[in-house]
Amino acid sequence: MYDTDKRKLLSALSHGAIFFSTTLVSVGIPIAILLVSDDPVVKENAKESINFHFNVWFYGAILAVLFFLFGWLVLPLLLLGPLAGLGYLLHWGLTTWALVGVFNNPDIPFRYPYIFRFI
């Protein structure tokens with residue numbers, strides 16, 4: 001049997017790494033946990049966290065290109081409209097939901113909805 005407290009800590013650290021930084025540090029922590037841990041639930045949580053980070057970067061890159069090309073058209077919508085802050089709300093909200101899920105049920109890996117799974 002695996003240690004529940006250790007499972008909670010490592011799974012939460014995998015998902016919560018995005019709070020430390022949105023650069024390579026945020027994906028480096030789950031990769032390190034994936035390589036070091038022997039717990040299958042922790043490994044699944046680390047993989048899911050890596051996939052979520054890649055999705056955040058992917059969608060951010062798409063939005064950056066669109067903003068670069070058409071920013072002058074959508075700037076009023078982003079600053080004043082209903083889309084203002086939606087990306088950050090989803091990003092931080094889903095991460096918080098993952099942390100709550102990990103602490104409430106540490107024996108089941110958390111799965112983010114509506115993301116592409118690369119690994």
Side-chain angles (χ1 to χ4, degrees):
M1 197 67 171
Y2 295 98
D3 183 19
T4 305
D5 290 335
K6 183 178 177 182
R7 178 178 278 178
K8 283 182 186 180
L9 176 68
L10 292 177
S11 295
L13 189 58
S14 292
H15 290 289
I18 197 74
F19 289 126
F20 297 128
S21 168
T22 56
T23 60
L24 293 177
V25 173
S26 65
V27 77
I29 292 171
I31 289 173
I33 290 172
L34 179 66
L35 296 174
V36 171
S37 178
D38 59 344
D39 187 338
V41 174
V42 171
K43 284 184 173 281
E44 284 300 314
N45 276 316
K47 285 180 189 178
E48 191 71 6
S49 176
I50 293 166
N51 283 323
F52 181 67
H53 287 79
F54 286 156
N55 274 265
V56 167
W57 291 345
F58 178 70
Y59 292 127
I62 289 173
L63 289 174
V65 168
L66 288 175
F67 186 74
F68 180 74
L69 294 175
F70 306 108
W72 56 276
L73 291 173
V74 296
L75 186 61
L77 287 175
L78 291 176
L79 295 177
L80 304 172
L83 297 177
L86 181 63
Y88 284 111
L89 182 66
L90 284 173
H91 180 236
W92 300 115
L94 287 173
T95 304
T96 304
W97 185 23
L99 291 172
V100 170
V102 163
F103 285 121
N104 284 338
N105 199 352
D107 297 328
I108 298 176
F110 182 81
R111 301 283 287 188
Y112 289 98
Y114 310 115
I115 67 167
F116 297 110
R117 288 173 177 83
F118 301 106
I119 60 170

(request) Give a yes or no on whether the backbone of Ser49 and the side-chain of Ser14 come within a donor-acceptor separation of less than 3.5 Å. (result)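 Here the side-chain-to-backbone pair does not exist.
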(message) Could you check whether any side-chain N or O of Ser37 sits under 3.5 Å from a backbone N or O of Ile33, counting only pairs where one atom can act as donor and the other as acceptor?
(response) no
From [X] [atom1] over to [Y] [atom2], what is the distance, rounded to the nearest 0.5 angstrom?
| X | Y | atom1 | atom2 | value |
| --- | --- | --- | --- | --- |
| Asn55 | Leu94 | CG | CG | 10.5 Å |
| Leu9 | Asp5 | CG | CG | 8.5 Å |
| Ile29 | Leu34 | CD1 | CG | 13.5 Å |

Kindly list each side-chain donor-acceptor pair under 3.5 angstrom involving residues 112-119, sequence neighbours excluded, with atom names and distances?
{"from": "Tyr112", "atom 1": "OH", "to": "His15", "atom 2": "ND1", "distance (Å)": "2.9"}
{"from": "Arg117", "atom 1": "NE", "to": "Glu48", "atom 2": "OE1", "distance (Å)": "3.1"}
{"from": "Arg117", "atom 1": "NE", "to": "Glu48", "atom 2": "OE2", "distance (Å)": "3.3"}
{"from": "Arg117", "atom 1": "NH1", "to": "Ile115", "atom 2": "O", "distance (Å)": "3.4"}
{"from": "Arg117", "atom 1": "NH2", "to": "Glu48", "atom 2": "OE2", "distance (Å)": "2.8"}
{"from": "Arg117", "atom 1": "NH2", "to": "Tyr112", "atom 2": "O", "distance (Å)": "2.6"}

Show every donor-acceptor pair shorter than 3.5 Å between a side-chain atom in residues 98-110 and any protein atom, with sequence neighbours excluded, or say none if there are none.
{"from": "Asn104", "atom 1": "ND2", "to": "Val100", "atom 2": "O", "distance (Å)": "3.4"}
{"from": "Asp107", "atom 1": "OD1", "to": "Arg7", "atom 2": "NH1", "distance (Å)": "2.8"}

(request) Give the minimum heavy-atom separation between Ala17 and His53, together with the two atoms involved. (result) C-NE2, 4.4 Å
(request) Treat each ILVMFWY residue as a node, draw an edge where side-chain heavy atoms are under 4.5 Å apart, and state whether Val41 and Leu35 are in one component. (result)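 No; tracing contacts between hydrophobic side chains, which count when under 4.5 Å, never links both residues.
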(request) Please check if atom CZ in Phe19 has more than 12 non-hydrogen atoms from other residues, nucleotides or ligands closer than 6.0 Å. (result)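 Yes, the 6.0 Å shell around CZ holds more than 12 heavy atoms from other groups.
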(request) May I ask you to decide if the ring planes of Trp57 and Phe54 are parallel, tilted or perpendicular, using 30° and 60° as cut-offs? (result) tilted
